[in-house]
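Just below is one structure, and these are the notes that go with it.
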Amino acid sequence: MAILKIENVASGYGAMEVLHGVSLEVEEGQIVSVIGPNGAGKTTLLNTIFGVLKPWKGKIYFKGEDISGLPPEKLVRTGIAYVPQQPDNIFPSLTVEENLEMGGFIREEDLRPRMEEIYELFPSISNRRKSRAGDLSGGMRQMLAIGRALMLSPEVLLLDEPSTGLAPVLVDALFERIRLLNEQGVTIFLVEQNAYKALQNSDRAYVLEGGEIKAEGDAREMLEDEEIGRLYLGRR
C-alpha cells in the first residue's frame, strides 16, 4: 500500500518551475530514496510534499487523503515529519533536551518517555542532554535533528540530504540508525547526494534530473545498473 503518493506534481519558486509533472509512490514500511545531480529539484520535491511550497498542479496523497498544499503545522499532526538540510534543522542556542522538547510541542502527554526512547536510539546525544546544540559535532547535530522530528512518532519521515558534510564513518553510523528506525516501523523517504549510500540502504529509488523522474526501480538493481552507475555513481 502506498502511504505517500505524488501524482503529476509541478512546483517551483516565483515564476520558475522546478518540478515538471513528478509522480512517485512510497510504500508503507519501506525506505525510498531520490537521487540525482545538484539542481535536479530534490529539495523542492520535499518542500512541496511538506507544504513549504504549494504544488502548482497535481496531487499529493497521504494514506489516501489529499494533503496537497496543507501547511507544515497541519502535516505534522497527520503523521509526517521533515528533517531539512543542515544547518537549519536544529535550534543551536537551545540544549539537546530543549530541542527534543520543541519537537514534541503538540504532545499533551509527558514527553519524558518519548525522549528516553530517542536517547536510546541515538546514544551519542544521550550524554549531551544539557549541552548547547550548536556545540555538537555535525554527526550529533544530524542525530539530534532526526530525534527531534521523531518526538511526535511520525509514520513517515522525510530526510533532505542527511549525510551532507559528514565524515564517511559518520555516514555509515547515520544510515545504520535510519535502517534501525525503519525496522521499528517508520517509513523513510529521503533525497540524498550520496547516491551509492542511498541505493545501498533503500528498498526502492527514483532518479530525479531536470525536475523529472528519469528512472525508478528496486534500489539494489539500480545499484548494479551500468548506466546509472556511470551517470550517478561515478563508475566508468
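Numbers for residues simply follow the sequence, beginning at 1. The figures that follow rest on heavy atoms only: side chains count, while hydrogens, waters and symmetry mates do not.
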Whether [X] side chain and [Y] backbone form a donor-acceptor pair below 3.5 Å:
X: N182; Y: G29; value: yes
X: E7; Y: S23; value: no
X: K42; Y: V34; value: no
X: R177; Y: L121; value: yes
X: R220; Y: Q200; value: yes
X: R141; Y: G134; value: yes
X: R148; Y: V83; value: no
X: N89; Y: P84; value: yes
X: K54; Y: P71; value: no

How long is the gap from [atom1] on [X] to [atom2] on [Y], to the nearest 0.5 Å?
X: I213; Y: H20; atom1: CD1; atom2: NE2; answer: 11.5 Å
X: L111; Y: E97; atom1: CG; atom2: CD; answer: 10.0 Å
X: R128; Y: L136; atom1: CZ; atom2: CG; answer: 5.0 Å
X: I3; Y: E25; atom1: CD1; atom2: CD; answer: 12.5 Å
X: I118; Y: I146; atom1: CD1; atom2: CD1; answer: 10.0 Å
X: D218; Y: R204; atom1: CG; atom2: CZ; answer: 7.5 Å

Item to check | Result of checking T48, N47, T44 against S11 for side chain to side chain donor-acceptor pair (under 3.5 Å) | outcome: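 That would be T48.
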
Looking at [X] and [Y], what are the two nearest heavy atoms and their distance?
X: V22; Y: G211; value: CG2-O, 3.3 Å
X: P55; Y: G69; value: CD-N, 3.8 Å
X: Q30; Y: D203; value: CA-OD2, 3.3 Å
X: Y13; Y: W56; value: N-CZ2, 4.0 Å
X: G51; Y: P72; value: O-CD, 3.7 Å

Checklist entry - Given the rule in the side-chain contact (heavy atoms from CB on, under 4.5 Å) test, do I49 and F189 qualify, once you have shown the distances and angles that lead to the verdict? => result CA-CA 11 Å; I49 293 171; F189 182 60; 3.6 Å; yes

Checklist entry - Cluster partners of L94, using ILVMFWY side-chain heavy atoms under 4.5 angstrom, listed by chain and number? => result F91, M102

Checklist entry - If Ile, Leu, Val, Met, Phe, Trp and Tyr residues are connected whenever their side-chain heavy atoms lie under 4.5 Å apart, and connections chain through other members, are V191 and L231 in the same group? => result no

Checklist entry - In terms of hydrophobic clusters joined by side-chain contacts under 4.5 Å, are L46 and I188 together? => result no

State, yes or no, whether a side-chain contact exists between [X] and [Y] at a heavy-atom distance under 4.5 Å.
X: V207; Y: M222; result: yes
X: V32; Y: Y206; result: yes
X: F175; Y: I31; result: no

Would you mind writing out the side-chain donor-acceptor pairs for residues 154-164 within the sub-3.5 Å range, not counting sequence neighbours?
from : atom 1 : to   : atom 2 : distance (Å)
E155 : OE2    : K63  : NZ     : 2.8
D160 : OD1    : T43  : OG1    : 3.2
D160 : OD2    : T43  : OG1    : 3.0
E161 : OE1    : Q193 : N      : 2.5
S163 : OG     : E192 : OE1    : 3.3
S163 : OG     : E192 : OE2    : 2.5
T164 : OG1    : E161 : O      : 3.1

Checklist entry - Between E176 and R179, is there a side-chain N and carboxylate O pair less than 4.0 Å apart? => result no

Checklist entry - So with a 6.0 Å cut-off around OH of Y61, is the heavy-atom count from everything else above 12? => result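 Yes, enclosed.
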
Item to check | Intermediate values then yes/no, side-chain contact (heavy atoms from CB on, under 4.5 Å), L144 and L100 | outcome: CA-CA 8 Å; L144 174 59; L100 294 182; 3.8 Å; yes

Item to check | Any residue meeting side-chain contact (heavy atoms from CB on, under 4.5 Å) with E109, in chain and number order, not counting sequence neighbours | outcome: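 side-chain contact (heavy atoms from CB on, under 4.5 Å) check on E109 returns R107.
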
